[in-house]
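See below for the structure under consideration.
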Amino acid sequence: MTTVKKGARLTGDDRAKMTKKVTSLYREGKSIRDISHETGRSYGFVHRVLSESDLVLRGRGGATRRRSG
């Protein structure tokens with residue numbers, strides 16, 4: 001993959017290669033945030049690429065809030 005400046009628009013082959021890398025990392029169990037840091041892309045970009053790839057995204061981790069009642 002060609003070195004792309006952080007935040008630069010990715011199109012064509014560069015975007016396809018990034019999509020392949022991002023989906024591969026996600027399938028390996030990495031979080032969107034971890035992939036974002038590793039690739040130098042924003043959280044939103046990684047999330048959008050995964051959503052466009054028709055992957056079923058994992059639920060959020062951590063404690064859940066319950067209504068007090």
List the atom pairs, with distances to 0.1 Å, where a side-chain N or O of residues 47-56 and a protein N or O form a donor-acceptor pair under 3.5 Å, not counting sequence neighbours.
from: S51; atom 1: OG; to: H47; atom 2: O; distance (Å): 3.0
from: E52; atom 1: OE1; to: R15; atom 2: NH2; distance (Å): 3.0
from: S53; atom 1: OG; to: V49; atom 2: O; distance (Å): 2.8

Spatial distance of atom CG (D13) from atom NZ (K17) [nearest 0.5 Å]:
5.5 Å

To check you understand the geometry: which heavy-atom pair defines the closest contact between S42 and S36, and what is its length?
C-OG, 3.5 Å

Steps toward side chain to side chain contact (heavy atoms under 4.5 Å, CB included) verdict (L57, Y26):
CA-CA 9 Å; L57 299 180; Y26 191 76; 3.8 Å; yes

Rounded to the nearest 0.5 Å, what separates atom CG in D34 from atom CG in L25?
9.5 Å

Would you please name every residue forming a side chain to side chain donor-acceptor pair (under 3.5 Å) with S24, sequence neighbours left out?
none

Non-neighbouring partners of K20 that pass salt bridge (charged side-chain N to carboxylate O under 4.0 Å, His left out), sequence neighbours left out
none

Nearest 0.5 Å, what's the CZ-CE distance between R41 and M18?
5.5 Å

Verify, without hydrogens or angle tests, whether T23 (side chain) and T19 (backbone) share a donor-acceptor contact under 3.5 angstrom.
yes

Restricting to side-chain contact (heavy atoms from CB on, under 4.5 Å), what partner residues turn up for R33, sequence neighbours left out?
S31, H37, Y43

